[in-house]
Visitor: 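I have a structure here, written as structure tokens, and I will follow up with some questions on it.
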Amino acid sequence: MAQSKQNRHVSNASYIEESAVRREQAVPKRRESVIPEKSREEIRRERERRFHAKRNAARATAFDRGYLIFVSAAMAVCGLVCCAFIYLQSDITTRMSAITSLESSVSDIKADNSAAETRLETMMTLSEVSERAAELGLVYPSEDQIQYYSVENDDFMNAYE
């Protein structure tokens, strides 16, 4: 049994005891620091300083009326600018869609005009036009009815009777 106690002791211990016994060393005593007591006046000044510091911190974080009005006005201006921006964006989008519809109608009208010109060109030939003109009494001009003009400047010409 004595051996089992010893084995238990050894198995529980984190080190093996040897035959050399260590001597106890004297622990030096703590030195008590000498803290001079504060006088009542110093304690009062300390409390007063803390009180003023807290009060200044509270004032610094508090909103006064002028600052609140300024921030409110700035927020209102920002809101109005945002509303104006949204209005202008929607106006631009509306105008762009109107322009697109007008461009499509212009292209449709050009296509109709081109089709009408083609129809008119194929409707009568030059010989049919001259036959119809002869039926109406139109004749080619004679040589004395033709007048020729000489142009000195290439950019314009004046005709006189």
Side-chain angles (χ1 to χ4, degrees), residues 8 10-16 30-161:
R8 240 185 295 152
V10 171
S11 64
N12 288 339
S14 61
Y15 60 92
I16 300 173
R30 283 186 168 175
R31 284 207 291 174
E32 293 184 23
S33 61
V34 179
I35 300 174
E37 289 190 28
K38 296 180 181 177
S39 68
R40 286 186 180 181
E41 182 65 24
E42 288 175 351
I43 293 171
R44 186 187 61 76
R45 274 191 252 143
E46 181 85 19
R47 284 182 188 162
E48 197 171 302
R49 194 170 350 134
R50 286 184 195 147
F51 172 74
H52 287 299
K54 285 181 184 178
R55 189 174 66 188
N56 287 342
R59 283 183 186 170
T61 58
F63 292 107
D64 57 339
R65 185 173 293 176
Y67 181 71
L68 188 61
I69 291 171
F70 170 74
V71 169
S72 299
M75 293 289 287
V77 167
C78 287
L80 290 175
V81 167
C82 289
C83 289
F85 180 73
I86 291 171
Y87 172 75
L88 290 174
Q89 284 288 8
S90 67
D91 189 42
I92 288 172
T93 304
T94 305
R95 288 177 189 239
M96 290 297 288
S97 64
I99 288 171
T100 304
S101 67
L102 288 174
E103 285 176 346
S104 67
S105 66
V106 165
S107 66
D108 291 344
I109 289 172
K110 281 184 178 180
D112 291 344
N113 191 21
S114 175
E117 282 179 355
T118 305
R119 200 173 45 249
L120 285 175
E121 287 175 3
T122 59
M123 204 168 168
M124 291 186 135
T125 61
L126 191 55
S127 60
E128 291 174 348
V129 170
S130 61
E131 286 177 13
R132 182 75 176 139
E135 288 176 10
L136 294 173
L138 296 175
V139 292
Y140 284 104
S142 62
E143 283 292 324
D144 60 335
Q145 292 176 328
I146 299 174
Q147 293 182 357
Y148 295 99
Y149 292 97
S150 64
V151 179
E152 295 173 7
N153 293 335
D154 292 338
D155 55 349
F156 70 93
M157 174 178 77
N158 292 328
Y160 300 104
E161 286 191 36

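Note that the structure is predicted; figures quoted are calculated from it, not measured.
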Visitor: Restricting to non-hydrogen atoms, name the atom on L102 and the atom on S105 that form the minimum distance, rounded to 0.1 Å.
Guide: O-OG, 2.7 Å
Visitor: Please round to the nearest 0.5 Å and tell me the distance separating atom CG of L120 and atom CD of E117.
Guide: 8.0 Å
Visitor: For E42 and R45: C-alpha separation, side-chain torsions, deciding distance, then whether salt bridge (Lys or Arg N to Asp or Glu O under 4.0 Å) applies.
Guide: CA-CA 5 Å; E42 288 175 351; R45 274 191 252 143; 5.8 Å; no
Visitor: If I take atom OG from residue S127 and atom CZ from residue R132, how far apart are they, to the nearest 0.5 angstrom?
Guide: 14.0 Å
Visitor: Rounded to the nearest 0.5 Å, how far does CG of L88 lie from OG1 of T93?
Guide: 10.5 Å
Visitor: For R55, give me all partners under side-chain contact (heavy atoms from CB on, under 4.5 Å), at least two apart in sequence or on another chain.
Guide: F51, H52, R59
Visitor: For S104 and S101, which heavy atoms make the closest approach, and how far apart are they?
Guide: OG-O, 2.7 Å
Visitor: Any idea which heavy atoms bring E128 and M123 closest together, and the distance?
Guide: OE1-O, 3.5 Å
Visitor: For atom CG of L126, is the number of surrounding heavy atoms from other residues, nucleotides or ligands below 6.0 Å larger than 12?
Guide: no
Visitor: Residues two or more places apart in sequence or in another chain: which of them pass ring pair (Phe, Tyr, Trp, His ring centres under 6.0 Å) with Y87?
Guide: none
Visitor: Rounded to the nearest 0.5 Å, how far does OG of S114 lie from CD1 of I109?
Guide: 13.5 Å
Visitor: Nearest 0.5 Å, what's the CD-CD distance between E131 and E135?
Guide: 7.5 Å
Visitor: Taking only residues two or more places apart in sequence or in another chain, which ones pass side-chain contact (heavy atoms from CB on, under 4.5 Å) with F85?
Guide: Q89
Visitor: At what distance, to the nearest 0.5 angstrom, does CG of N113 lie from CG of D108?
Guide: 12.5 Å
